[in-house]
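Computation of the quantities below employed the complete heavy-atom set of this structure, encompassing side-chain atoms and omitting hydrogens, waters and symmetry-equivalent molecules. Just so it is clear, the structure is predicted and the values come from calculations on it, not from any experiment. We count residues from 1, following the sequence as given.
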Amino acid sequence: MTSKERAELRAKANPLEPIFQIGKEGISDNLIAQLDDALDVRELLKVRIHLETAPKAPKEFAQELGVALGAEVIQVIGGVIVLYRKIDKEKVEAKKQERAKASGKKAPKKKVKIKGLRQRQREYEQAHPRPKFNRYSGGGKSDKGNARGGKR
């Protein structure tokens, strides 16, 4: 990695907040798995090290994490490590499929669109039309004297 690329990544990492912390326990398998998943999504991460309680120096942790994750250590400033790893989409898809098999989940089912009340009512009315009739169309009486608006 060139120094210009490293400088660009440092600039991108500047506004980021550390989302992982290393304390007195040091680096565990669980932490590495979580960092690996986060790098698959974000490419660029900050990790905070609690200097008072951590068993090693931040540069030692940075080297261990870089090797374990296959990531580049961009910088170590104080108790903050910046890691970078390019996202490999094929690897991410393989992980997703492996997790789906391991959890025993089946393939996602076809999504069903839920109809609202108005749409169901409209479909019902189309399937069961009401008889249409004209209320004032001469049902036996003449319309001439009708107070309801017959012919004049």
Side-chain angles (χ1 to χ4, degrees), residues 1-137 139 148-149:
M1 177 174 288
T2 66
S3 61
K4 286 187 179 184
E5 292 171 339
R6 196 175 297 275
E8 283 180 25
L9 291 172
R10 278 196 304 257
K12 285 182 183 179
N14 193 23
L16 295 178
E17 292 293 321
I19 57 173
F20 292 98
Q21 299 178 2
I22 298 175
K24 65 181 178 182
E25 297 293 321
I27 297 174
S28 65
D29 293 335
N30 189 22
L31 177 72
I32 290 175
Q34 288 179 350
L35 283 169
D36 189 40
D37 291 342
L39 281 170
D40 285 341
V41 175
R42 298 183 181 223
E43 283 190 349
L44 196 62
L45 282 181
K46 273 188 179 180
V47 180
R48 178 171 306 282
I49 297 175
H50 293 284
L51 298 173
E52 299 85 24
T53 59
K56 296 180 186 175
K59 287 192 178 190
E60 293 175 19
F61 278 127
Q63 291 299 327
E64 283 184 42
L65 289 174
V67 171
L69 298 169
E72 294 275 337
V73 178
I74 302 301
Q75 71 179 7
V76 179
I77 294 182
V80 178
I81 300 171
V82 178
L83 298 171
Y84 171 78
R85 184 176 72 192
K86 183 127 177 95
I87 294 176
D88 185 11
K89 293 184 181 183
E90 294 171 0
K91 180 182 171 187
V92 172
E93 285 299 319
K95 275 187 180 180
K96 284 182 183 179
Q97 290 175 355
E98 184 179 310
R99 285 184 185 152
K101 287 180 184 177
S103 66
K105 289 186 179 178
K106 296 179 181 176
K109 293 182 179 179
K110 181 181 174 185
K111 292 187 178 181
V112 178
K113 184 178 178 187
I114 298 173
K115 298 177 183 175
L117 179 65
R118 288 185 181 168
Q119 186 172 359
R120 290 193 313 253
Q121 182 67 29
R122 242 184 268 122
E123 289 176 359
Y124 178 81
E125 288 174 357
Q126 287 174 356
H128 304 92
R130 292 185 177 175
K132 295 183 181 179
F133 62 93
N134 189 352
R135 186 174 192 181
Y136 304 111
S137 65
R148 294 185 174 166

Show the nearest heavy-atom pair for residues Lys46 and Leu16, with the distance to one decimal. NZ-O, 3.1 Å

Tell me whether Arg48 at atom CZ has more than 12 heavy atoms from other residues, nucleotides or ligands lying less than 6.0 Å away. no

Heavy-atom neighbours of Gln34 CD exceed 12 at 6.0 Å: yes

Does the side chain of Leu9 come within less than 4.5 Å of Glu43's, by heavy atoms? no

When you look at Val73 and Leu65, which way does the side-chain contact (heavy atoms from CB on, under 4.5 Å) test go after all the steps? CA-CA 8 Å; Val73 178; Leu65 289 174; over 6 Å; no

Can you name the closest pair of heavy atoms from Tyr84 and Met1 and give their distance? CD2-CE, 3.8 Å

Kindly compute the distance separating CG (Leu117) from CZ (Arg122), expressed to the nearest 0.5 Å. 10.0 Å

Partner of Leu83 by side chain to side chain contact (heavy atoms under 4.5 Å, CB included), out of Leu69, Leu44, Ile74: Leu69

Between Gly26 and Leu31, which heavy-atom pair has the shortest distance, and what is it? O-CD2, 4.3 Å

Taking the side chain as everything from C-beta on, heavy atoms only, tell me whether Asp40 gets closer than 4.5 Å to Arg85. yes

Minimal heavy-atom distance between Ala68 and Ile32, with the atoms involved, is CB-CD1, 3.8 Å

Crowded around Lys95 NZ? As in, over 12 foreign heavy atoms under 6.0 Å? yes

Criterion side chain to side chain contact (heavy atoms under 4.5 Å, CB included) against Val82, the qualifying member of Glu72, Arg6, Gln75: Gln75

Out of curiosity, Leu35 CG to Ile27 CD1, how far, rounded to the nearest 0.5 Å? 8.5 Å

When every non-hydrogen atom of Ala62 is compared with those of Val76, the smallest separation belongs to CB-CG2, 3.7 Å

Cut-off 3.5 Å, side chains only: do Glu125 and Gln121 have a donor facing an acceptor? yes

What is the distance from atom CD of Glu5 to atom CD of Glu8, rounded to the nearest 0.5 Å? 7.0 Å

Evaluate the side-chain proximity of Lys96 to Glu93: yes if any heavy-atom separation is below 4.5 Å, no if none is. yes

Search all heavy atoms of Leu51 against all heavy atoms of Pro58 and return the closest pair with its distance. CD2-CG, 3.5 Å

